[in-house]
Amino acid sequence: VGLPILPVVVRRTGLSWRDERHGVHVGCDAADAELSLSPDGAGQLRVPVRVEPGAEQSVTLTVAAIRTAPSLFDAGPGSTGVDWSDVRVTASDSALAPTVNAALDDLRHLLLTDPEDDRDVFAGAGTPWYLTMFGRDALWAARMALPLGTELAGGTLRALARRQGTTVDLLRAEAPGKIPHEVRRAGPAPGSSSALPAVYFGTVDATALWICLLHDAWRWGLPEAEVRALLPALRAAVEWLTQHASPDGDGLLKYLDTTGTGLANQGWKDSGDAIRWRDGRTAEAPIALVEAQAYAVEAAGCAATLLDHLGEPGSLVLGEFAAAMRERVRDRFWVGHDEPGGPWLGLAVDGAGRTVDGLASNMGHVLGTGTLDAAESARVADTLMSDRLLDTYGIRTLAADNGGFNPLGYHTGSIWTHDTAICAWNLGRDGHAEQAGQVARALLASSVAFAHHWPELYSGAAALDQPAPYPAACRPQAWAAASAAVLLTVSLGLVPDVPHGRLLLRPCRPAPFGEMTVHGLRLGGARFGVHQSADGEVTVLDPPQGVDVKVV
């Protein structure tokens, strides 16, 4: 126990050490515990344990950590400006309220403040491994939580904009206008297996997601002055998206780590073996992910809408960009035309220009972005709802009949909480309310196995007939926790438009969680609630003044 690089002190009650930010004490309840230092200075705690046949023995190890100095990103009690204390949910499904409560508590404890302006708050990606700024994670968490207020979205947008790329740096994967992937206190420590620099930009999708969050936050009521202040960052992000994200002539957003020290995969499925062919082979870079193209379509539309609203030029070019990208997706990504259950959207286009025909959850991120027509959207919805992808507890990252499937593989068959939530939300956004409700119920069912605190990822029923956490999963994890808000969005079908004084509700009928009442929703700073009957009909409680509420 302990680290050789830190001075460890042996005390009567256990081992202690500290660095410039933390103090740690490790103790044990065993009376015969042996405490000592090894020759290299590492603390050692040994407990002799003898278990007789048919007997049992227990030992409790206690680890206490305290913060001794502020870290780069800190959020003290009451300092975040984000308040979800008035969010209350009651529902016939007894799992919903405790899941929402636990999730908001988890998310609250992940909030961090920007050291460059401590008024701005964002969600750290997760503990214990990623309690820092991750662009993609923070953006999705803030986007999911928008029905509960725009403060988190505003802080996230500004914190990332301050660190937006300004130059070309291959080691950092930086480019002008690009939103960073992660920010840490320092580069890799000596002997560390990590080789990423302290500020690393290896993400193909965070820039588009930043644009989408800005647009959605504006729809939910982010003040126009805050939106306009981010116009320079928006223009820079649009320039990267439309002029630099496609490194060759085929017009597809793609990534390739040329340094040998960065991430081999730079979408949300960023493990080295994540992008698989149908037969299980790993795809070769450079990789153009299907969801990255769809994010670009949505971001272009979002940016065009914002520019028009702000009286700025550029929307026409963005419309042309989005139309061309839609056709590329249509031409390049549909596979399996002659296969059972086909066709479906392939995972990616590989370095040789071939469509990677793996069957995976990525297609769920394409729904709701405006990339597909109605028939194509229905085809994707049917594929997601097939037993190859839809498990009892969520959407599998890789289909059960795909080569390389592993129910506990990191991105090769496990279920990720946020991934399933996004699929449910996008099904609803594209008008597939019944399927959206079914996926939402599957996700809620998984929470019961984890005492309502979702982990980052878990196995489905294929492993133990119940969800089992991935051994090294973060819990809490930001976009997993924020997924609870998506359950409410899906059930109620919330579609905000504060700039035009409208709120549209397209509820699931019947209601996926039975009769439900939600208080503490926010639209443009005004609090309101919604009651949903078991058959799905909704009544807005304390509707925001000056807002035209419509239920369809």
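As the structure is a computational prediction, the values presented were derived from the model and not from experiment.
Every side chain to side chain donor-acceptor pair (under 3.5 Å) that Asp401 has, sequence neighbours left out, goes to Arg278. Listed by chain and number, the residues in a side chain to side chain donor-acceptor pair (under 3.5 Å) with Arg158 are Asp120, Glu226 (sequence neighbours excluded). By the salt bridge (charged side-chain N to carboxylate O under 4.0 Å, His left out) test, Asp542 pairs with no residue at all, sequence neighbours left out. Residues that satisfy the side chain to side chain donor-acceptor pair (under 3.5 Å) test with Ser271, not counting sequence neighbours, are Asp273, His411. Residues passing the salt bridge (charged side-chain N to carboxylate O under 4.0 Å, His left out) test with Glu515: none are found, sequence neighbours excluded. Listed by chain and residue number, Ser447, His452 satisfy the side chain to side chain donor-acceptor pair (under 3.5 Å) test with Thr99 (two or more places apart in sequence, or in another chain).
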Report the C-alpha distance between Ser459 and Ile415 in whole Å, list the side-chain angles of each, state the deciding distance to 0.1 Å, and finish with yes or no for side chain to side chain contact (heavy atoms under 4.5 Å, CB included). CA-CA 6 Å; Ser459 80; Ile415 297 169; over 6 Å; no
Do Arg119 and Asp114 pass the salt bridge (charged side-chain N to carboxylate O under 4.0 Å, His left out) test, and can you show the C-alpha distance, the side-chain angles, and the key distance before you say yes or no? CA-CA 7 Å; Arg119 294 170 296 181; Asp114 187 345; over 6 Å; no
Determine whether Leu111 and Phe122 satisfy the following criterion, side chain to side chain contact (heavy atoms under 4.5 Å, CB included), listing intermediate values before the conclusion. CA-CA 6 Å; Leu111 297 183; Phe122 61 93; over 6 Å; no
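Contact detail for Thr166 and Glu174: the closest heavy-atom pair is N-OE2, 2.9 Å. Nearest heavy atom pair, residue Tyr200 against residue Ala173, reads CE1-CB, 4.0 Å. Across all non-hydrogen atoms, the minimal contact from Leu443 to Ser446 is O-OG, 2.6 Å. Considering all non-hydrogen atoms of both residues, Ala484 and Ala103 come closest at CB-CB, 3.5 Å. Pairing each heavy atom of Ala233 with each of Gln164, the nearest pair is O-NE2, 3.0 Å. A pairwise comparison of heavy atoms in Met516 and Ser491 identifies CE-OG, 3.6 Å as the closest pair.
Checking each of Leu139, Leu160, Leu222 against Leu213 for a side-chain contact (heavy atoms from CB on, under 4.5 Å) leaves exactly one that passes, namely Leu139. The side-chain contact (heavy atoms from CB on, under 4.5 Å) test with Val26 is passed by exactly one of Leu61, Leu35, Val8: Leu61.
Cation-pi geometry between Arg429 and Trp425 is satisfied (NZ or CZ under 6.0 Å from the ring centre, within 45° of the ring normal).
One finds no salt bridge joining Lys269 and Asp419 here, because no Lys/Arg side-chain nitrogen approaches an Asp/Glu carboxylate oxygen to under 4.0 Å. Under a 4.0 Å N-O distance rule, the pair Glu116/Arg163 qualifies as a salt bridge. Salt-bridge formation is detected for the pair Arg522/Asp86: a Lys NZ or Arg NE/NH1/NH2 atom is positioned less than 4.0 Å from an Asp or Glu carboxylate oxygen.
A donor-acceptor contact shorter than 3.5 Å is absent between the side chain of Asn402 and the backbone of Gly358. With hydrogens and angles ignored, the 3.5 Å screen pairs a side-chain donor or acceptor of Trp210 with a backbone N or O of Leu157. Side chain of Thr150 to main chain of Leu146: no donor-acceptor pair is present (N/O by atom type, distance under 3.5 Å, no hydrogens or angles). Asn101 places a side-chain N or O within 3.5 Å of a backbone atom of Ala97 that can act as its donor or acceptor partner. Distance alone, capped at 3.5 Å, is enough to place a donor-acceptor pair between the Asp391 side chain and the Ala461 backbone. At distances below 3.5 Å, at least one donor-acceptor pair connects side-chain atoms of Arg475 with backbone N or O atoms of His453. No donor-acceptor distance shorter than 3.5 angstrom exists from the side chain of Thr489 to the backbone of Leu494, with no hydrogens or angles considered. The closest donor-acceptor contact from the side chain of Arg18 to the backbone of His25 lies at 3.5 Å or more, if one exists at all. In this structure, Asn406 contributes its side chain and Gly413 its backbone to no donor-acceptor pair below 3.5 Å. Arg11 places no side-chain N or O within donor-acceptor distance of the main-chain N or O of Leu15, the cut-off being under 3.5 Å.
In this structure the side chain of Glu182 never reaches within 4.5 angstrom of the side chain of Thr203, judged on heavy atoms. Two residues are said to be in side-chain contact when any heavy atoms from C-beta on lie closer than 4.5 Å; Asp257 and Leu263 fail this criterion. The side-chain heavy atoms of Leu347 and Val290, taken from C-beta on, include no pair separated by under 4.5 Å. Inter-residue side-chain proximity for Cys474 and Tyr130 is flagged as met; some heavy-atom pair is nearer than 4.5 Å. Residues Leu384 and Leu367 meet the side-chain proximity criterion, which asks for heavy atoms closer than 4.5 Å.
Rounded to the nearest 0.5 angstrom, Phe405 CZ and Arg396 CZ are separated by 5.0 Å. Going from atom CG of Asp387 over to atom CG of Leu389 covers 9.0 Å, rounded to the nearest 0.5 Å. Within the model, atoms OG of Ser483 and CG of Leu488 stand 11.5 Å from one another, a figure rounded to the nearest 0.5 Å. A distance of 14.5 Å separates CZ of Phe134 from CH2 of Trp268, quoted to the nearest 0.5 Å. Taking CZ from Arg136 and CD from Gln266, the interatomic distance works out to 8.5 Å, rounded to the nearest 0.5 Å. Residue Leu209 holds its CG atom at 9.5 Å from CD of Glu291, rounded to the nearest 0.5 Å.
With hydrogens and angles left out, the side-chain atoms of His531 and Thr517 include a donor and acceptor closer than 3.5 Å.
Taking the centre of each ring, Tyr458 and Phe450 come in below the 6.0 Å mark. Between Tyr410 and Trp416, the ring centre distance stays below 6.0 Å.
When the shell of 6.0 Å around CZ of Arg46 is examined, it contains 12 or fewer heavy atoms from other residues, nucleotides or ligands.
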